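Following: one structure in structure tokens, then a few remarks.
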Amino acid sequence: MHRDGIATSHPPRHEGALRRYEKLFIGGEWVAPIDGGFIDSIDPATGKPWAVVAYGGPQDIDRAVQAARAAFEGPWGRMPGWERAALLLRLADVYQKHASELAVLESRDSGRALRDARVDVGSHHQWYRWYASLADKLSGRTIPMDDSVHVYTTRLPVGVVGAIVPWNVPLMAATWKLAPALAAGCTVVLKPAEQTPVTALELARLIEEAGFPPGVVNVVPGYGHEAGAALVAHEGVDKIAFTGEGNTAKDILRTGAESLKRFTFELGGKAPHIIFADADLEQALNAATGSAWTLCGQSCALGSRVLVERPVYDQVVEAFAQRASRVRVGMPLDEATHMGPQAHQAQLDKTLSYIDIGVSEGAQLVTGGKRLDEPALADGYFVAPTVFAGVNNQMRIAREEIFGPVAALIPFDGEDEAIAIANDTRYGLTAGLWSRDVGRCHRVAARIDAGMVWVNTYRYIRWSTPYGGMKASGWGRENGLEALDSFLETRTTIVSTTGKFPDAYAQ
Ligand code: NAI
Ligand code: MG
């Protein structure tokens, strides 16, 4: 990401055809930044700018929060749930209609392979549909007490939500927040990552096309320490829904503490993907190798620690090496490409440094382990699919989130050791296990400290399946009824059936 220095009122001039996004989406209007400017969005496959995008500063964030607040206190706040549902369904339709263009743009902006972006982005409309189906069913409960009172609860939206999303899966992270927030009746200021701002602005166009009232969704690209921090500090924001790094979450907690906001955090992972010797190895390998390099390793859900029972360890190492050689690394928009580049330079540097760390820790580099330097790819941030064998769980490559296409294969003996290694991590987001013994599947699944455990499958995630982390992997859940809950408050109303109240000072 090239920063253009001080905020400018005009976009920088570039040779060639760049996509231009010269406005922010605030209060239902496209407006120029007040104290932001314009940034180049880099195509990670070429290392060159492909779009110029307006970004906002604290004053722009303030405008957006005010617009969100006005919408919350205005027509949106008074709109019945079934009308919100109708708008969400319209959004689902326009999203579905534009999904293939969105996938191409996401592929350009983040570098993920188009074939992968298509499947993911092509499913997002289901989130809007499913949460639409809940928007008019936010009922409370009646609570039986005694006949002197009638007690009931009502569900209310938490208010204005700041949604802060990362660069690995920009549209998915936005969708997971927007759909339940809007169903709950909240309004949203969405701040995409500075590295991948484009598709959030395209999403704003869809919000417009769907006909949401002004201010319900506002989109302000910007830097984390400026726009992000301003959103977190803002008194007018009731909740922050964040996906990203743990250290950023700690900053957000500190800044947001001042206004006692609500928070949900979707943070990192170091998922154990456990392969027992009695597994259907072919299927286990499909899952484990598929999830090792998908998204160039840039997802918190991927099985970056592959735990393999010793009798099949050598066989699995060999199969990983063999499958790595079949991964077509290339230009993201090429239909044949399985794996694109890392999404930005800093992530490339981080991955390469962890590969060096792995080697210096004494792990055995089986394949990959380098930036790709053939002429067609040399300017992009491409890394070869990488496999380390002989890894033990104390090594940094087994403990720290790399976010690159690096599989660490760790041997184990028996169930207890598998569980001990699986849980010996600060993270607790996802886990997978493969075995033909159904009893073992249940035994092991029940002992893994993770918010999501997949048995004889991997990365099965839907709108209705709660997703989120234990331990340092996060707070709260996205997807499912749990996500809706996180955007709601509960009010308990107690009505006396007698209207009689004793005089405390009568005697
Ligand atoms: P990050 O946490 O810094 O960025 C995520 C989002 O937070 C971006 O929109 C950014 O602008 C915003 N942000 C940054 N600082 C902020 C602040 N002080 N206040 C408010 N918002 C702020 O993640 P980063 O640095 O881009 O990635 C570093 C590492 O984090 C990756 O290598 C990976 O290990 C992990 N990560 C995990 C993700 C996940 O899906 N769980 C997603 C992205 C990164
Ligand atoms: Mg950061």
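Order of listing sets the numbers, starting from 1, for every ligand and every atom in it. Numbers for residues simply follow the sequence, beginning at 1. Not measured: the values here are computed from a predicted model. Hydrogens, waters and symmetry mates play no part in the numbers below; they use all other heavy atoms, side chains included.
The aromatic ring centroids of Tyr458 and Trp434 lie 6.0 Å or more from each other.
If you number the atoms of ligand 1 from 1 as listed, the ones under 4.0 Å from a heavy atom of Glu245 come out as 2 (O), 23 (O), 25 (O), 28 (C), 29 (C), 30 (O). For ligand 1 and Ala229, the ligand atoms under 4.0 Å from any heavy atom of the residue are 19 (N), 20 (C). Residue-ligand proximity, Val165 to ligand 1, at heavy-atom distances under 4.0 Å covers atoms 6 (C), 8 (C), 9 (O). Here is the list of ligand 1 atoms found below 4.0 Å of a heavy atom in Pro166: 42 (C), 43 (C). In the vicinity of Glu194, heavy-atom distances shorter than 4.0 Å reach the ligand 1 atoms 10 (C), 11 (O). Close contacts of ligand 1 with Glu266, meaning ligand atoms under 4.0 Å from a residue heavy atom, involve 41 (N). Of all atoms in ligand 1, numbered sequentially from 1 with element shown, those under 4.0 Å from a heavy atom of Gly228 are 19 (N), 20 (C), 21 (N). Every atom of ligand 1 with a heavy atom of Ile164 under 4.0 Å away is listed here by number and element: 6 (C), 7 (O), 9 (O), 12 (C), 20 (C), 21 (N).
Not one N or O on the side chain of Gln342 forms a donor-acceptor pair closer than 3.5 Å with the backbone of Gly404. Without hydrogens or angle criteria, Arg459 side chain to Gly290 main chain gives no donor-acceptor distance under 3.5 Å. A donor-acceptor distance shorter than 3.5 angstrom exists from the side chain of Ser360 to the backbone of Ile357, with no hydrogens or angles considered.
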Discussion item. Before you tell me yes or no, could you show the steps for Ser486 and Glu482 under side chain to side chain donor-acceptor pair (under 3.5 Å), namely the whole-Å CA-CA distance, both residues' side-chain angles and the distance that decides it to 0.1 Å?
Written reply: CA-CA 6 Å; Ser486 78; Glu482 282 78 356; over 6 Å; no
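Counting only heavy atoms of the protein, atom 35 (C) of ligand 1 lies nearest to Glu401 OE1, 3.5 Å. Nearest non-hydrogen protein atom to atom 44 (C) of ligand 1 is Phe403 CE2, 3.8 Å. Protein heavy atom at the shortest distance from atom 7 (O) of ligand 1 is Phe242 CE1, 3.2 Å. Of all protein heavy atoms, the one lying nearest to atom 41 (N) of ligand 1 is Leu267 O, 2.8 Å.
With values rounded to the nearest 0.5 angstrom, His273 atom NE2 is found 8.0 Å from Leu433 atom CG. Atom-to-atom distance recorded for Asn393:CG and Ile410:CD1 is 4.5 Å, nearest 0.5 angstrom. The NE2 atom of His124 sits 12.0 Å away from the CG atom of Leu91 when rounded to the nearest 0.5 Å.
Remark: among candidates Gly222, Gly224, Ala230, the nearest residue to atom 22 (C) of ligand 1 is Gly224, based on non-hydrogen atoms. Closest heavy-atom approach to atom 2 (O) of ligand 1 within the set Asn247, Leu190, Thr248: this belongs to Thr248.
Note: an N/O pair closer than 3.5 Å links Trp167 and ligand 1 by distance alone. For ligand 1, none of its N or O atoms has an N or O atom of Tyr223 under 3.5 Å away.
For the residue pair Phe320 and Ala292, the shortest heavy atom distance occurs at CE2-CB, 4.2 Å.
For atom 27 (O) of ligand 1, the nearest protein heavy atom is under 4.0 Å away.
Using a 30° and 60° split on the angle between ring planes, Tyr95 and Tyr128 fall in the tilted class, from 30° to 60°.
In Val169, neither the side chain nor the backbone holds a heavy atom less than 4.0 Å from any atom of ligand 1. Counting heavy atoms closer than 4.0 Å to ligand 1, residue Asn168 contributes side-chain atoms (C-beta onward) but none from N, CA, C or O. Counting heavy atoms closer than 4.0 Å to ligand 1, residue Lys350 contributes side-chain atoms (C-beta onward) but none from N, CA, C or O.
Tested against Trp463 for a ring pair (Phe, Tyr, Trp, His ring centres under 6.0 Å), the candidates Trp127, Trp176, Tyr131 yield a single pass: Trp127.
Residues satisfying the side-chain contact (heavy atoms from CB on, under 4.5 Å) criterion with Ala384, sequence neighbours excluded, are Leu372.
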